[in-house]
Amino acid sequence: MADDYSNGSTNLDALKNNAASAYDAVTRGPVAQNVADQSAKTVDELSNLSASRRTPSTPAATGQPLTHYHSFFSELLSWNNPRASAIAYLSIVAAIFSVRYLDMLRLGFKLTWMVLGVTVTAEVAGKTILNQGLATQLRPRKYYTVSKETLDSAIGDVHELVNFFVIEAQRILFAENVYISGLVAIAAFFAYYLVKIVPYWGLALIATTLAFLGPLVYKTNKDLIDAQLHRASEIIGAQTAQLKTVAQQNTEKATQLTKQYVGEYTAKAQTLVSKATPASLHGEEHTNGHANKSELRDADFPPAPRADIKTEPAAPIEPVVPVTVKSGEQQPLLI
């Protein structure tokens, strides 16, 4: 029997040793070490992303300073911290699917009544059985509150976030960066037609995917994309220069033809004016001279008086005799 007891103790010790070895293998093995390393790197990248919220040194085109969210989103979408960017992308995608397939409002109400039901039941049962409520035992000594510093910091962050969207909307509208404004215009053009067949959550998913994966694709294929963009810019520049040269040549030809036609018509007009004016003047002189010489004679004019003009005295003026008209008689007519 003692042997059986010793054998049982030996087996129990062996089982404990095996369990300890398995625990060490799990907690200190390569898998656990890899998980610990990845967790540490993730924490570091999240810390770097949080520390990137600084006001950029480069202001806007108007000279205004940008918000610290400009640096934050630039760092997030640049994938300099890939784990943090991946976590943010997956979180946004999960939130979109949650809003689409989960009734969050009803879920919130359900969670509320379940939690309150558990706490009320525990409190009532504790006071009935133990004369002391269980919820009372779990109650903190002091209720949690939000400090003024925390609230001010949160309000400041919300203010900076709102200004980020306001400033970016104006920068896009006034084409501070032509390429970004062009991309937004193209995206709005496609969204205008996609909204007829794609639901809003689908558009949100597409926009999130393009916003996160677009910079990642460019970063992983930067050399190839830059080469293609440089080649495209050279082709566009060559075509633009050719069109500019052709337009300049056509403009010069049109200017020369216009000057030529204007000169010709000006010369013709001057020739016509110089021919018409002397002919009319000579014609008038010829006509007047011919009339003076051939048509006008001395007999056509009356003879001039040779003696002085005698003046005769004027006839005396007879006085006017007033005529009296009796009543009943008519006034005589003047003859």
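Given the structure is predicted, the values throughout are model-derived calculations rather than measurements. Just so you know, residue 1 is the first one in the sequence shown, and it goes up from there.
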Nearest heavy-atom neighbours spanning [X] and [Y]:
| X | Y | value |
| --- | --- | --- |
| S52 | S71 | O-CB, 3.2 Å |
| V99 | M104 | CA-CG, 4.5 Å |
| T55 | H68 | N-CB, 3.9 Å |
| L66 | A60 | CD2-CB, 3.8 Å |
| A84 | L46 | CB-CD2, 3.7 Å |

Is there a side-chain contact between [X] and [Y] in this structure, where contact means two heavy atoms from C-beta onward sitting under 4.5 Å apart?
| X | Y | value |
| --- | --- | --- |
| Q228 | L224 | yes |
| Q64 | P59 | no |
| R53 | D157 | yes |
| R171 | I180 | no |
| E123 | T136 | yes |

With distance as the sole test, does [X] use its side chain to make a donor-acceptor pair with the main-chain N or O of [Y] at under 3.5 Å?
| X | Y | answer |
| --- | --- | --- |
| S181 | V178 | no |
| Q132 | K127 | no |
| T112 | G108 | yes |
| T121 | V118 | no |

With sequence neighbours excluded, residues passing side-chain hydrogen bond (donor to acceptor under 3.5 Å, both in side chains) with S57: none

Please name all residues satisfying salt bridge (Lys or Arg N to Asp or Glu O under 4.0 Å) with [X], sequence neighbours left out, ordered by chain then number.
| X | answer |
| --- | --- |
| D103 | none |
| K110 | none |
| E160 | none |

Residues in ring-ring contact (aromatic ring centres under 6.0 Å, His included) contact with Y179, at least two apart in sequence or another chain: none

Each residue besides [X] in its hydrophobic cluster should be listed here, by chain and number; the cluster joins Ile, Leu, Val, Met, Phe, Trp and Tyr at side-chain heavy-atom distances under 4.5 Å.
| X | answer |
| --- | --- |
| L76 | L49, Y69, F72, F73, L77, W79, Y89, L90, I92, V93, I96, F97, Y101, L161, F164, F165, W201, L205, F212, L213, L216 |
| L173 | F174 |
| L257 | Y261, Y265 |
| L105 | F109 |

Pairs satisfying side chain to side chain donor-acceptor pair (under 3.5 Å), at least one member in residues 243-252, at least two apart: none

Inter- and intrachain pairs under side chain to side chain donor-acceptor pair (under 3.5 Å), touching residues 229-241, at least two apart: H230-E234

Ion pair D152/K148, N-O distance below 4.0 Å: yes

Side chains of T150 and S147, donor plus acceptor under 3.5 Å: yes

Rounded distance (nearest 0.5 Å) linking atom OG1 of T266 with atom NZ of K259: 13.5 Å

Point-to-point distance, once rounded to the nearest 0.5 Å, from CD of E168 to CG of N177: 9.5 Å

Residue pairs involving residues 72-88 (criterion salt bridge (charged side-chain N to carboxylate O under 4.0 Å, His left out); sequence neighbours excluded): E45-R83

